[in-house]
There are 2 protein chains.
Amino acid sequence: MATSPDPFNSRSSRKVPLNKDAVLSTALEIVDAEGLDGLTMRRLGQELRRDPMSLYRYAANRAALLDGVTEVVLDELTMFAEEPDWQAQLRGMAHDLRLLALRHPNVVALLVTRPLSTPLGLRPLGTLRPLEQILGLLIGAGFSPTEALHAYRAYYGFLYGHILNELRECIVDPEENEALLRLGLHRLPAKDFPHLRALGPVLANYEGDVELDQGLTILLSGLAAQLQRKDR
Amino acid sequence: MATSPDPFNSRSSRKVPLNKDAVLSTALEIVDAEGLDGLTMRRLGQELRRDPMSLYRYAANRAALLDGVTEVVLDELTMFAEEPDWQAQLRGMAHDLRLLALRHPNVVALLVTRPLSTPLGLRPLGTLRPLEQILGLLIGAGFSPTEALHAYRAYYGFLYGHILNELRECIVDPEENEALLRLGLHRLPAKDFPHLRALGPVLANYEGDVELDQGLTILLSGLAAQLQRKDR
DNA sequence: GACAACTTCTCTACGACGTAGACTTTACGG
DNA sequence: CCGTAAAGTCTACGTCGTAGAGAAGTTGTC
């Protein structure tokens with residue numbers, strides 16, 4: 001007994017050994033389709049038609065698997081759009097990251113929280129590449145290295161914040177055409193939340209890219225002003 | 001057999017029945033001390049000297065427990081600092097939230113990700129109160145409700161982003177006095193990450209409150225400009 | 001072909017987790 | 001003293017991550 005459930009298993013598909021990329025990309029598929037909790041070693045093993053234990057050859061443990069998934073996602077970022085000036089580039093990269101987040105909303109929680117307790121230098125290199133890239137961009141634009149760092153922080157802070165905000169703006173029941181109900185706002189006590197309830201219709205049609213762009217305009221104009229002040 | 005391990009247990013301490021607040025606040029203590037994963041039903045039960053199952057009287061399940069913890073934390077926010085103008089108020093609230101985050105870094109992941117898939121209207125009211133409050137503040141300052149919403153989003157987006165950024169800037173080995181080593185940056189290949197490595201010393205002494213304030217200055221000046229433009 | 005070394009994958013098993021369901025203990029009002 | 005409701009406990013199930021030993025398949029050497 002103890003034959004494998006699928007004879008196919010022990011022949012053709014096993015011939016091709018797994019590799020890390022294959023493991024990580026199907027892991028990502030599972031996360032996209034079923035959420036973070038949906039990704040278990042057993043579930044992933046099933047998807048790859050392997051014993052769950054075999055996965056430990058490609059990821060030291062589940063945490064490492066999750067780190068790998070974030071790296072795969074970050075690699076989707078188009079590295080360099082050639083844009084005229086640094087502001088346009090930052091704008092473009094922001095929109096790219098936003099779209100990436102929308103494509104993999106379940107991974108955003110990882111992107112944001114996984115490295116929380118991992119010191120900068122020990123993080124997967126994929127996570128650090130955008131940082132290095134933007135530093136170069138800003139320094140090239142005329143900021144001093146230190147200023148570039150501060151600017152980067154303001155920029156990325158805002159960007160991540162926006163993405164989190166946008167992902168939160170999700171809908172209870174898209175079929176419902178009454179804005180209040182669609183967002184579940186009817187549950188709020190009217191006297192404690194007058195403004196929020198009044199904004200129901202506005203809240204209901206959120207346009208993330210416009211919202212992001214407006215925020216960027218504020219931020220970038222602030223940064224540009226700083227750069228000008230310095231030029232004099 | 002099957003006597004409780006501690007006779008004290010069945011007498012004095014059981015006399016006072018548990019209540020939700022007690023459960024949530026010790027849950028918070030555990031999260032602060034041992035991280036999110038450290039908070040299990042069994043661990044919390046042990047801390048409260050109760051059977052883990054008894055907790056289900058005060059929280060429907062673990063997820064609800066976590067939601068409860070975020071509410072407890074948000075309740076720590078001082079509600080209204082009386083400041084001269086709206087900008088100063090936003091500044092003050094931002095710093096308050098930052099300090100809150102530093103006090104409970106492990107909860108930040110919750111604050112940021114828990115409501116990710118919970119529609120706005122269904123979230124714990126504690127989560128929504130700051131939103132309502134800031135809307136009121138901005139509308140009072142002269143923004144239209146819709147503008148206030150956009151301004152809020154830019155503000156909170158930046159704020160959350162900053163907090164996440166700051167929490168990430170943690171140290172490998174505080175004893176190490178060489179900046180590069182302290183951050184673990186020596187691991188980075190020098191040719192791929194020239195700027196990042198060069199910034200080692202600057203990265204090493206991060207001052208979160210200054211950083212936050214600079215970002216706020218940029219953001220608030222942008223918002224004020226928008227308000228002025230409208231006045232004319 | 002024989003055999004060994006190495007890679008890849010599987011089996012079995014353990015302890016920890018969340019929690020369903022039935023039960024026991026406690027407090028109290030009549 | 002009894003009934004009732006609230007608070008807490010016990011037992012048990014299924015699922016999870018993963019340690020450790022070993023099986024199967026692949027490759028190199030003579």
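Since this is a predicted model, take the numbers as computed values, not measurements. In what follows, chains carry the letters A, B, and so on, assigned in the order in which the sequence lines appear, proteins first and then strands, with residues in each chain numbered from 1. Computation of the quantities below employed the complete heavy-atom set of this structure, encompassing side-chain atoms and omitting hydrogens, waters and symmetry-equivalent molecules.
Every residue two or more places apart in sequence or in another chain that forms a side chain to side chain contact (heavy atoms under 4.5 Å, CB included) with A:Asp32 is listed here: A:Leu28, A:His104, A:Val107. With sequence neighbours left out, B:Asp51 forms a side chain to side chain contact (heavy atoms under 4.5 Å, CB included) with B:Met53. Scanning for side chain to side chain contact (heavy atoms under 4.5 Å, CB included) contacts around B:Ala63 gives B:Asn61, B:Arg114, with sequence neighbours left out. With sequence neighbours excluded, the residues forming a salt bridge (Lys or Arg N to Asp or Glu O under 4.0 Å) with A:Glu47 are A:Arg43, listed by chain and number.
Remark: P of C:dT12 and CG of A:Asp51 are 10 Å apart, rounded to the nearest angstrom. Residue A:Gln46 contributes atom CD, which lies 17 Å from atom P of C:dC9 at whole-angstrom precision. Taking atom CZ of residue B:Arg49 and atom P of nucleotide C:dT25, one finds them 20 Å apart after rounding to whole Å. At whole-Å resolution of the value, CG in A:Leu44 and P in C:dT10 are 12 Å apart. Computed from coordinates, the B:Leu65 CG to C:dT19 C1' distance equals 13 Å when rounded to whole Å. When rounded to the nearest whole Å, the span between OH of A:Tyr58 and C1' of C:dT8 equals 6 Å.
Taking the six-membered ring where the residue is Trp, A:Phe158 and A:His162 present tilted rings, their angle falling between 30° and 60°.
Contact between the side-chain N/O atoms of A:Ser54 and the OP1/OP2 oxygens of C:dT8 is not found at any separation under 4.0 Å. OP1 or OP2 of D:dG8 sits under 4.0 Å from a side-chain N or O of B:Arg50.
Taking the nucleotide of DNA chain C with the nearest heavy atom to each of A:Arg57 and A:Met53, the more 5' of the two is matched to A:Arg57.
Residue pairs satisfying the salt bridge (Lys or Arg N to Asp or Glu O under 4.0 Å) criterion with at least one member in residues 53-63 of chain A, sequence neighbours excluded, are absent.
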N/O to N/O distances under 3.5 Å, protein versus nucleotides 14-18 of chain C:
residue: C:dG18; atom: OP2; partner: B:Met41; partner atom: N; Å: 3.0
residue: C:dG18; atom: N7; partner: B:Arg42; partner atom: NH1; Å: 2.5
residue: C:dG18; atom: O6; partner: B:Arg42; partner atom: NH2; Å: 3.3

